[in-house]
Chemist: 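Have a look at this one before I ask anything.
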Amino acid sequence: QIMKRKGYKYKNNNADTFMNAAVDAALAMQMFINAAESAGLGCCPISYVRNRIEDYAAILKLPDGVFPIAGLPVGWPARDGHVSMRLPQSIVIHREHYEDCNLEVEVKAYDDRNHDYFPVPPEKQRHTDSYGVLEKCTWSENVARQLSFPERQGFASWLKSRKIDLA
């Protein structure tokens with residue numbers, strides 16, 4: 001809209017601009033979560049909106065060039081919840097250069113700790129029709145199962161249909 005009003009032709013419809021918008025949205029959401037939680041509110045980011053992107057775009061009346069990244073329910077918690085265990089910083093933070101020589105050992109240790117607190121029940125195990133149900137389904141097993149099937153295949157084509165080109 002700004003480009004049109006100023007009389008310029010928009011020439012930055014690319015993956016970098018898309019990434020900037022997505023990162024800015026994530027940073028804004030995290031800051032909102034921090035503020036909301038400091039006031040005693042509960043929040044839960046939901047990426048599922050991208051599974052129903054057409055519906056959300058219509059409900060929100062989004063113009064071309066605008067896309068939903070995630071939803072964020074906010075409210076007063078009815079009961080205490082829990083924060084999902086996160087991967088250790090040694091896996092996700094790298095200093096000076098990328099290093100994953102201990103990845104297998106660290107992921108296994110994380111899987112064991114996570115399973116002790118939050119075991120993945122059969123109904124939460126991904127793609128059991130293809131892989132079966134495991135007695136001990138770890139976080140990494142479940143993520144690997146999830147990523148072994150394409151998800152949100154229409155996302156890039158939806159973006160293109162809304163005049164967002166990731167060239």
Side-chain angles (χ1 to χ4, degrees), residues 1-78 81-89 91-95 98 100 103 107 110 114 118 120 123-131 137-167:
Q1 292 297 325
I2 292 171
M3 297 296 294
K4 282 182 192 175
R5 289 182 181 152
K6 295 291 183 180
Y8 297 115
K9 185 168 172 72
Y10 184 62
K11 294 184 179 180
N12 272 307
N13 192 8
N14 56 44
D16 183 60
T17 302
F18 176 85
M19 183 64 79
N20 281 344
V23 169
D24 286 351
L27 291 169
M29 179 183 279
Q30 185 58 59
M31 296 309 270
F32 182 91
I33 290 170
N34 291 349
E37 288 180 347
S38 72
L41 292 163
C43 303
C44 181
I46 299 177
S47 64
Y48 184 79
V49 300
R50 293 189 310 277
N51 289 23
R52 306 225 3 224
I53 198 164
E54 293 271 351
D55 297 335
Y56 283 95
I59 291 166
L60 298 170
K61 298 180 175 129
L62 299 180
D64 285 347
V66 178
F67 54 95
I69 290 292
L72 185 65
V74 178
W76 302 107
H82 74 275
V83 175
S84 297
M85 192 177 294
R86 298 292 182 221
L87 287 168
Q89 289 188 358
I91 292 175
V92 296
I93 296 176
H94 304 274
R95 290 179 171 52
Y98 183 86
D100 68 0
L103 183 64
V107 168
Y110 171 79
N114 197 46
F118 306 110
V120 180
E123 65 273 9
K124 296 280 187 174
Q125 293 180 24
R126 305 287 182 134
H127 305 296
T128 55
D129 52 332
S130 294
Y131 301 118
C137 183
T138 62
W139 169 84
S140 63
E141 172 67 25
N142 220 28
V143 166
R145 287 176 174 209
Q146 177 183 359
L147 297 175
S148 72
F149 282 81
E151 292 183 323
R152 300 180 183 124
Q153 289 179 291
F155 185 61
S157 60
W158 184 87
L159 291 172
K160 254 186 190 180
S161 77
R162 301 301 291 257
K163 297 186 170 65
I164 299 170
D165 186 11
L166 301 180

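Throughout, numbering of the chain's residues begins at 1 and tracks the sequence. Every heavy atom of this structure was used, including side-chain atoms; hydrogens, water molecules and symmetry mates were not.
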Chemist: Does the pair Thr17 and Asn20 meet the rule for a side chain to side chain donor-acceptor pair (under 3.5 Å), with working shown?
Modeler: CA-CA 5 Å; Thr17 302; Asn20 281 344; 5.5 Å; no

Chemist: Using a 3.5 Å distance criterion without hydrogens, assess whether the side chain of Tyr110 forms a donor-acceptor pair with backbone atoms of Ser140.
Modeler: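 Here the side-chain-to-backbone pair does not exist.
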
Chemist: Is there a side-chain contact between Trp158 and Phe67, using heavy atoms and a 4.5 Å cut-off?
Modeler: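 Side-chain contact under 4.5 Å: yes.
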
Chemist: Roughly how far apart are Asp55 CG and Leu60 CG, rounded to 0.5 Å?
Modeler: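 Reported to 0.5 Å precision, the distance equals 10.5 Å.
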
Chemist: Sub-3.5 Å donor-acceptor pair from the side chain of Arg50 to the main-chain atoms of Ala70, do we have one?
Modeler: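 Checked: no pair found.
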
Chemist: Are Leu147 and Arg126 close enough that some pair of their side-chain heavy atoms sits under 4.5 Å apart?
Modeler: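 Result no, sub-4.5 Å side-chain heavy-atom pair not found.
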
Chemist: Decide whether Gln146 and Asn142 meet the rule of one side-chain donor and one side-chain acceptor closer than 3.5 Å.
Modeler: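 Absent: no donor and acceptor within the cut-off.
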
Chemist: Between Pro73 and Cys44, which heavy-atom pair has the shortest distance, and what is it?
Modeler: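 The answer is CD-O, 2.9 Å.
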
Chemist: Could you report the tightest heavy-atom contact between Ser161 and Asp64, atom names first, then the distance?
Modeler: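 Distance-wise, the nearest heavy atoms are O-OD1, 4.5 Å.
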
Chemist: Looking only at heavy atoms, which two atoms of Gly71 and Val49 are closest? And how far apart?
Modeler: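 Looking at all heavy atoms of both residues, the closest pair is N-CG1, 3.7 Å.
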
Chemist: What's the separation between atom CZ in Arg152 and atom OG in Ser47, rounded to the nearest 0.5 Å?
Modeler: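 Spacing of CZ (Arg152) from OG (Ser47) equals 4.0 Å.
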
Chemist: Do Glu141 and Val120 have side-chain heavy atoms sitting under 4.5 Å apart?
Modeler: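 No; the side chains remain at least 4.5 Å from each other.
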
Chemist: Under a 3.5 Å distance rule, please check whether Asn13 uses its side chain to pair with a backbone N or O of Gly65 as donor and acceptor.
Modeler: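 No; judged by distance alone, with no hydrogens or angles, the pair does not exist.
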
Chemist: I need the minimum non-hydrogen distance between Ser38 and Ala35, along with the two atoms involved.
Modeler: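 Scanning both residues completely, I find the closest heavy atoms to be OG-O, 2.7 Å.
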
Chemist: What's the verdict on side chain to side chain contact (heavy atoms under 4.5 Å, CB included) for Arg145 and Thr128, showing C-alpha distance, side-chain angles and the deciding distance?
Modeler: CA-CA 9 Å; Arg145 287 176 174 209; Thr128 55; 4.0 Å; yes

Chemist: Please report the interatomic distance OH(Tyr131) to OG(Ser148), rounded to the nearest 0.5 Å.
Modeler: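 That separation rounds to 2.5 Å.
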
Chemist: Between Leu166 and Ala15, what is the shortest heavy-atom contact and its length?
Modeler: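 Minimum heavy-atom separation between Leu166 and Ala15: O-CB, 3.8 Å.
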
Chemist: Does atom CE of Met19 have more than 12 heavy-atom neighbours, drawn from other residues, nucleotides or ligands, at distances under 6.0 Å?
Modeler: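 Counting other residues, nucleotides and ligands, CE of Met19 stays at 12 neighbours or fewer.
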
Chemist: Atom CE of Met3 and atom CD of Gln1: how far apart are they, to the nearest 0.5 Å?
Modeler: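 So the gap between those two atoms works out to 12.0 Å.
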
Chemist: Which pair of non-hydrogen atoms, one from Met29 and one from Pro45, has the smallest distance, and what is that distance?
Modeler: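 Reported closest heavy-atom pair: SD-CB, 3.8 Å.
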
Chemist: Return the CZ to CG distance between Phe155 and Asn51, rounded to the nearest 0.5 Å.
Modeler: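 That separation rounds to 10.5 Å.
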
Chemist: Counting only heavy atoms from other residues, nucleotides and ligands, does the tally under 6.0 Å from CD of Glu151 exceed 12?
Modeler: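 Counting neighbours around CD of Glu151, more than 12 heavy atoms of other residues, nucleotides or ligands fall under 6.0 Å, so yes.
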
Chemist: Which class fits the ring pair His127 and Phe149: parallel under 30°, tilted 30 to 60°, perpendicular over 60°?
Modeler: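 Judged by the thresholds at 30° and 60°, the geometry between His127 and Phe149 is parallel.
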
Chemist: Output, in order, the C-alpha distance, side-chain angles, deciding distance and verdict of side chain to side chain contact (heavy atoms under 4.5 Å, CB included) for Leu62 and Arg162.
Modeler: CA-CA 9 Å; Leu62 299 180; Arg162 301 301 291 257; 4.1 Å; yes

Chemist: Measure the spacing between CG of Leu41 and CD1 of Ile33 and express it to the nearest 0.5 Å.
Modeler: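 The CD1 atom of Ile33 is 11.5 Å from CG of Leu41, to the nearest 0.5 Å.
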
Chemist: Give a yes or no on whether Ile93 atom CD1 has more than 12 heavy-atom contacts from other residues, nucleotides or ligands under 6.0 Å away.
Modeler: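 Yes - once you tally the heavy atoms of other residues, nucleotides and ligands closer than 6.0 Å, there are more than 12.
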
